[in-house]
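Beneath this line is the structure, given in structure tokens, with notes to follow.
Reminder, nothing fancy here: chain letters follow the sequence lines and each chain counts from 1. Since the structure is predicted, the reported quantities are computational estimates derived from the model, not experimental observations.
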There are 2 protein chains.
Amino acid sequence: MVDVARRADVSPSTVSLFLRRPEAVSPRASDAVQAAIRELNYVPNMMAGGLAAAGSSVVGVIVPSVRNAFFAETVAALQRELGQARLQIMLGHTEYDQAVETELVRTALSWAPAALVIAGTEHGKTTRQLLEAARVPVVQVWELGGEAPIDMAVGFHHYEVGAAAARHLAARGRRRLVFFSGRANDDKRAAQRAAGFLAAGREMGLAVQHLSHPAPATTELGGILFARMLKEFEGAEGVGIGCSNDLLALGAIFEAQRRQVAIPAQYAIIGFGDLEFAASCNPALSTIKPFGDLIGSEAARLIIKSLADGEAREHPSIDTGFGLVHRQTS
Amino acid sequence: MVDVARRADVSPSTVSLFLRRPEAVSPRASDAVQAAIRELNYVPNMMAGGLAAAGSSVVGVIVPSVRNAFFAETVAALQRELGQARLQIMLGHTEYDQAVETELVRTALSWAPAALVIAGTEHGKTTRQLLEAARVPVVQVWELGGEAPIDMAVGFHHYEVGAAAARHLAARGRRRLVFFSGRANDDKRAAQRAAGFLAAGREMGLAVQHLSHPAPATTELGGILFARMLKEFEGAEGVGIGCSNDLLALGAIFEAQRRQVAIPAQYAIIGFGDLEFAASCNPALSTIKPFGDLIGSEAARLIIKSLADGEAREHPSIDTGFGLVHRQTS
DNA sequence: GGATAAAATCGTAGCGCTATGATAAAACTC
DNA sequence: GAGTTTTATCATAGCGCTACGATTTTATCC
């Protein structure tokens, strides 16, 4: 910055002011500074700026897995919207491990972030304390319900997702409901969807069952659970299958085809996620669609608004809801 | 840090030294400092440290899209390995736009990063200049060939991927080869795979054709291209289809089923990516498997080694190669 | 032209930590 | 115990920029 100032024949303060508030600098000085920046290919040092300003332009984003298409979509939307506001994403993923999550929060805080985005409402005690003490906007995403939000929240009720899937299958005449899920020990949100599905089925007086597995919810596991279900429900009629995500559903479809089992004539299926392939499946997959992109863009909007409002900021929770997408499998 | 020092009855220098090199501090002082850190819940300010040290623990990671499962896997591996080395990922994604890429590089550089990871070998002139002038380790990932590496590279030759797919289909008796691709205007790596496929086919004296589309390479597009191909090759025999990714292949499989076209009896298919569902498809998908996880972990290893070696560091290019996974579609 | 207000520019202390050399304390040798 | 070496601790300048008040310049009014 000192070199830019020298070249533009202004003081370093003026260069700094120009970068922060261009309208506060005269056109003559602006032109000179811009030219100097271009000629010297000057790149500001964000650490110096953040240190002097007692806060940085970093937004810590902590999700269970960036490989999971749900979270990837939200991260992408956050990047898009926050990038426009000159904020940078520092990414951490927990692989569903609470101790990792605590360390990632601590690391994010060491960058004096402008805000934090973290998936879920359930956190370990230390994590929650760190977040509560952080004095920066915190947005919990992808879930509502459970523990009260620390600050702001954007998500939906996974329990209601499961219930909606059960009600949809019942409305399609299914009298016996089965729920497939993976990551039984780690994925609290999938467990909520299962709980909602089973409870809604019971309320409607239907027979319900839960087939779960500790492995991640993959296409392969979907096929395995479908085969297992066939064994248990030999000859049963009117079965509806809820899957904790679309990959399990895809695997179930493939296994049904291999065994000449007709979908949905013999077994109706509904997934969760409305993943990229869902509409193009054969048969096209019914699913519950979360709005991952909307979650990201709403979280970004809340952050930007919070930063503008300062101490007067609010603490909203936004329920994005979800969509029922009725296609050929149900 | 001053508060921690006061509480531990040592100087702030000793606290700092303990955090950087614990073995350089006596056990008595170590215990006192650790206790003070715990009691005060002290979180270091990384910006101050980075500024004073003339460099930070940030690694800028710039990929076309985090929603793309290939890159997500590499980002996940980078996060895992670099996290172990106390480095933090600052993520940017370009959505295949070169101007965005340039800005993301500039932003990453403003954090005085320890290193940069960027996808691809082809970059705009300004981007390349920024990277060359950066004086930090730069690892280009997911591609080899094209322009010479700026510093280090971990990837494979997409042209060879296409050629391998063509040779595989020829070895399975296919006499007419078609390549499906999407994002025809943006995705240079997909274009390379197409070029390799077509060239290898021609070299073997086979009829070759390229069906491409400017839209992203989705399952739906796979179905559309398959339908288009059926029109053009009405009654042709011995056709082999190479797809620029597994999603296109999945869409082609679904469309074949809808039209009672037998895979691979009538048309053989090979994808790219070995995505999560590939093995569980009906029929199971033949594909070319890139090693996204290995690319991430190798890039991380190179960065960590570079940082340890300092000016004496080397500039390797690592060819991870790829695997041919022969399953039921071919 | 003088007085006043607004806009523009500048000077300065300091943000929290590091690297480095200076100093103090501990360990070793004779 | 004295001298030397090694280990541990401390003091200091400074990293590049910001926020803020001081100063200068420009614009407006009478």
Cut-off 3.5 Å, no hydrogens considered: what does the side-chain donor-acceptor table look like for residues 45-52 of chain A, sequence neighbours left out?
unit_1, atom_1, unit_2, atom_2, d
A:N45, OD1, A:M47, N, 2.9
A:N45, OD1, A:A48, N, 3.2

Side chain to side chain donor-acceptor pair (under 3.5 Å) against B:R67, all qualifying residues, sequence neighbours excluded: B:E95
Validation row: A:L40, A:R6 side chains within 4.5 angstrom (heavy atoms): no
Check: B:P12 main-chain N/O paired with B:S16 side-chain donor or acceptor under 3.5 Å: no
Test side-chain contact (heavy atoms from CB on, under 4.5 Å) applied to B:R313 - qualifying residues, sequence neighbours left out: B:P137, B:D151, B:M152, B:S306, B:D309, B:H315
Side-chain donor/acceptor of B:Q140 to backbone N/O of B:I150, under 3.5 Å: yes
Listing, residues 25-37 of chain B side-chain donor-acceptor contacts under 3.5 Å, not counting sequence neighbours, or none:
unit_1, atom_1, unit_2, atom_2, d
B:S26, OG, B:A29, N, 3.2
B:S30, OG, B:S26, O, 3.0

Whole-Å distance separating the CZ atom of A:R28 from the P atom of D:dT26: 10 Å
Non-neighbouring partners of A:F156 that pass ring-ring contact (aromatic ring centres under 6.0 Å, His included), sequence neighbours left out: A:W142, A:H158
Any A:S26 side-chain N or O less than 4.0 Å from OP1/OP2 of C:dA7: no
Short N/O separations, protein against nucleotides 23-28 of chain C, under 3.5 angstrom:
none

Test side chain to side chain donor-acceptor pair (under 3.5 Å) applied to B:D9 - qualifying residues, sequence neighbours left out: none
4.5 Å side-chain heavy-atom contact, B:I118 and B:H123: yes
Residues in side chain to side chain donor-acceptor pair (under 3.5 Å) contact with A:S65, at least two apart in sequence or another chain: none
Residues that B:E143 engages under side chain to side chain donor-acceptor pair (under 3.5 Å), provided they are two or more places apart: B:T121, B:R189
Sugar-phosphate only, base, or nothing, as touched by B:A54 at under 4.0 Å among non-hydrogen atoms: nothing
Those residues of residues 43-52 of chain B lying under 4.0 Å from DNA chain D by at least one heavy atom: B:L51, B:A52
Heavy-atom check, side chain of B:S56 versus side chain of A:W111, under 4.5 Å: yes
Residues within residues 1-21 of chain B bordering DNA chain D, heavy-atom distance below 4.0 Å: B:V10, B:S11, B:S13, B:T14, B:L17
Relative orientation of the end axes in the helix from C:dG1-D:dC30 to C:dC30-D:dG1, expressed as an angle to the nearest 10° (five pairs per end): 20°
